[in-house]
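Written below as structure tokens is the structure these notes are about.
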Amino acid sequence: MKIDFYYWNYQCPISNEMLNLLRDYENIIEINYHDIQEKPLLAEQMKIFFPFLTVFDDTLRWKSPLSRETLENYVSGNAISEKPYVIAQGETVYKGALVALNADTIDLLAKGCTLGDCKASCQKKQVFLQEQGSTFYGMLHLKNRKVVGGVEVLPSVKVPYDVPKSEDTAFLTCVYHSSTEMDYKAYPLAAVEKQLANSFTRIIAISDEQGAFPNGNLQWFLAQGYVDEGVIAVEANYCTLHLVSKTL
């Protein structure tokens, strides 16, 4: 049994939780860890457009967060499979409180952007963000002090994925959360775009056609004024990823 775990450092706090989980299985599974932060050629070779990717036995590409149940099934020889995260996105735009993502607010992500309310994982993400050398990382969208949406960005030149990169292009690393009740994403996205216009002329992102991960779906981006630049990758039975862009 063999697992190769590819991850973009701690851009996503779930990566830290998955690393901790995988370490529990190192005695029974051959596990190789690959941080792609400084390895764009590896990211291109592996066609990685997610913050993490798990490859089982050099064959099965697993895009979702790993669970202990999945690993227990794997070591037991049971078949494992994953389904794309597809939901009907709410259309009514909610406008709550917006706060900048920084060291003072990053712990708010623990309940919504980790698998186990892990503030330690959020702190690792904070260190990752500080190392990028930017001053603006995005906005959190709050409802009763709870994160219901948000948008994160980095300069495209800091991104290991195989996407167009230039000093005047920003990359949307993460849009969260999708909801069937309300659109919690459009309001913070508009605020982020306004802020980015001071330093960048364009923003790009990756979206699935149907699924909410990563960042989708495509129709939602088109409704926000983005242009479909075409298919950038296909994961069989999981997603068809498009590059989208918008002039700021």
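By convention here, the first residue in the shown sequence is residue 1.
- Of the inter-residue distances, the one linking M139 atom CE with L98 atom CG reads 4.5 Å to the nearest 0.5 angstrom.
- Of all non-hydrogen atoms in Y238 and P84, the two that sit nearest each other are O-CB, 3.3 Å.
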Side chains of residues 213-225: which donor-acceptor pairs under 3.5 Å do they make with residues two or more places apart or in other chains?
| residue | atom | partner | partner atom | Å |
| --- | --- | --- | --- | --- |
| N215 | OD1 | V175 | N | 2.9 |
| N215 | ND2 | I206 | O | 3.4 |
| N217 | OD1 | Q219 | N | 3.2 |
| N217 | OD1 | W220 | N | 3.0 |
| W220 | NE1 | D183 | OD2 | 2.8 |
| Q224 | NE2 | W220 | O | 3.2 |

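- No side-chain donor-acceptor contact under 3.5 Å links T169 to the backbone of S156.
- To the nearest 0.5 Å, atom CG of residue L101 and atom CG of residue L108 are 9.5 Å apart.
- Using a 4.5 Å heavy-atom threshold, the side chains of E69 and E72 count as separate.
- Annotation: side chain of V127 is not in contact with side chain of Q123 (no heavy-atom distance under 4.5 Å).
- Atom-to-atom distance recorded for D162:CG and I232:CD1 is 6.5 Å, nearest 0.5 angstrom.
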Passes side chain to side chain contact (heavy atoms under 4.5 Å, CB included), E167 versus V157? Steps please. CA-CA 7 Å; E167 295 292 340; V157 294; 4.1 Å; yes
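- For D24, the salt bridge (charged side-chain N to carboxylate O under 4.0 Å, His left out) test picks out R68, with sequence neighbours left out.
- Panel note: side chain T105, backbone A100; a donor-acceptor pair is recorded below 3.5 Å.
- Using a distance-only test at 3.5 Å, with no hydrogens or angles considered, no donor-acceptor pair links the side chain of T240 to the main chain of E209.
- Note: the hydrophobic cluster containing V163 does not contain L196 (ILVMFWY, side chain heavy atoms under 4.5 Å, direct or indirect links).
- The CG atom of N32 sits 5.0 Å away from the CD atom of E30 when rounded to the nearest 0.5 Å.
- The ring-ring contact (aromatic ring centres under 6.0 Å, His included) test applied to Y187 returns H141, not counting sequence neighbours.
- Taking both residues in full, the closest heavy atoms of E193 and Y226 are given as OE2-OH, 2.6 Å, listed atom of the first, atom of the second, then distance.
- Paired with W8 under the rule ring pair (Phe, Tyr, Trp, His ring centres under 6.0 Å), one option of F50, F52, Y161 passes, and it is Y161.
- Hydrophobic cluster membership is shared by V75 and V55, with clusters built from Ile, Leu, Val, Met, Phe, Trp and Tyr side chains linked at under 4.5 angstrom.
- Both I3 and I14 are assigned to one and the same hydrophobic cluster, defined by single-linkage of ILVMFWY side chains at heavy-atom distances under 4.5 Å.
- Tested against L172 for a side chain to side chain contact (heavy atoms under 4.5 Å, CB included), the candidates I203, I204, V244 yield a single pass: I203.
- Rounding to the nearest 0.5 angstrom, the gap separating the CD atom in Q195 from the OG1 atom in T135 is 7.5 Å.
- Ring planes of Y10 and Y7: tilted class, angle from 30 to 60°.
- Listed here is the closest heavy atom pair of M46 and L53: O-CD2, 4.3 Å.
- Of the possible polar contacts, one joining the Y137 side chain to the L129 backbone as a donor-acceptor pair under 3.5 Å is found.
- L140 has its side chain within reach of L109: a pair of non-hydrogen atoms, C-beta onward, lies under 4.5 Å apart.
- Within a 6.0 Å sphere centred on CD of E181, heavy atoms belonging to other residues, nucleotides or ligands number 12 at most.
- Placement of F49 and W62 within a single hydrophobic cluster is found when ILVMFWY residues are connected by side-chain heavy-atom separations under 4.5 Å, directly or transitively.
- Checked by atom type, the side-chain pair N78/S76 shows no donor-acceptor distance below 3.5 Å.
- No donor-acceptor pair closer than 3.5 Å links the side chain of D57 to the backbone N or O of T59.
- One finds the CD atom of E152 at 4.0 Å from the OH atom of Y176 (value rounded to the nearest 0.5 Å).
- Side-chain contacts under 4.5 Å among hydrophobic residues (ILVMFWY), followed directly or transitively, place V231 together with V234.
- The ring pair (Phe, Tyr, Trp, His ring centres under 6.0 Å) pairs that include a residue from residues 67-93 are F56-Y74, where partners are two or more places apart or lie in different chains.
- Scanning all heavy atoms of the two residues, the minimum distance from F128 to N9 falls at CD1-OD1, 3.4 Å.
- Between S179 and I87, the shortest heavy-atom contact is N-CD1, 3.7 Å.
- Within the 4.5 Å cutoff, side-chain heavy atoms of Q37 are placed close to those of Q132.
- Using a 3.5 Å distance cut-off with no hydrogens or angles, the side chains of E17 and S121 do not pair a donor with an acceptor.
- Proximity of C12 to C174: side-chain heavy atoms (C-beta onward) are nowhere separated by under 4.5 Å.
- A continuous path of ILVMFWY side-chain contacts below 4.5 Å connects Y6 to L241, so both sit in one hydrophobic cluster.
- Of the N and O atoms on the side chains of E82 and N237, not one donor lies less than 3.5 Å from an acceptor on the other residue.
- Minimum interatomic distance between H34 and L42 (heavy atoms only, all atoms of both residues): CB-CD2, 4.1 Å.
- Side-chain atoms of K125 come within 3.5 Å of backbone N or O of Q11 as a donor-acceptor pair.
- The list of side-chain hydrogen bond (donor to acceptor under 3.5 Å, both in side chains) pairs with a residue in residues 39-49, not counting sequence neighbours, is empty.
- Cation-pi geometry between K143 and Y184 is not met: the NZ or CZ atom fails to fall both under 6.0 Å from the ring centre and inside 45° of the normal.
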